[in-house]
Amino acid sequence: MKNIFYFIVTSCISTFAFWGSLGAKNPFPLYAVMFGIWALFLWGYNNRLKKEAARRFHERMFEDYMRSRHRANNRR
């Protein structure tokens, strides 16, 4: 849900920057804003994916640990 919100905000900002660059004498600062906001979005998306993957890994490791403890307790 957070990714959708960030995508919509990024799209709006880049659209307004593009429209502003159409009538500007020097459009390059607005192009920088337009591409910069997309770079920030992609960077943040990549970080969110890495954090989620790390969280899933730790959850899986915890489940394996608990499963092994349960098996060890049942053997006694």
For a quick test of your reading: what N or O donor-acceptor pairs under 3.5 Å do the side chains of residues 20-28 make, sequence neighbours left out?
| unit_1 | atom_1 | unit_2 | atom_2 | d |
| --- | --- | --- | --- | --- |
| Ser21 | OG | Phe18 | O | 2.6 |

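Annotation for Tyr45 and Asn3: closest pair CE1-ND2, 3.5 Å, computed over non-hydrogen atoms. In terms of heavy atoms, Val33 sits closest to Ile13 at CG1-CG2, 4.4 Å.
The cluster map of Ile, Leu, Val, Met, Phe, Trp and Tyr, joined by side-chain heavy atoms under 4.5 Å apart, puts Ile37 and Phe41 in the same cluster. In the hydrophobic clustering of ILVMFWY residues, with side-chain heavy atoms under 4.5 Å counting as a link, Phe16 and Phe35 come out together.
Residues that satisfy the side-chain hydrogen bond (donor to acceptor under 3.5 Å, both in side chains) test with Arg55, not counting sequence neighbours, are Glu59. For the side-chain hydrogen bond (donor to acceptor under 3.5 Å, both in side chains) test, residues two or more places apart in sequence or in another chain that qualify with Arg67 are Asp64. Residues satisfying the side-chain contact (heavy atoms from CB on, under 4.5 Å) test with Lys2, not counting sequence neighbours, are Tyr6, Arg48. The side-chain hydrogen bond (donor to acceptor under 3.5 Å, both in side chains) test applied to Asn46 returns no partner, not counting sequence neighbours. Residues passing the side-chain hydrogen bond (donor to acceptor under 3.5 Å, both in side chains) test with Trp19: none are found, sequence neighbours excluded.
Grouping Ile, Leu, Val, Met, Phe, Trp and Tyr by side-chain contacts under 4.5 Å, direct or through others, puts Met66 with Phe62, Tyr65. Applying the 4.5 Å side-chain rule to ILVMFWY residues, one finds Met61 in the same cluster as Phe57.
Side-chain atoms of Ser14 and Trp38 include a donor-acceptor pair closer than 3.5 Å.
The line from OG1 of Thr10 to CG of Leu42 is 8.5 Å long, rounded to the nearest 0.5 Å. Of the inter-residue distances, the one linking Lys51 atom NZ with Asn47 atom CG reads 6.5 Å to the nearest 0.5 angstrom.
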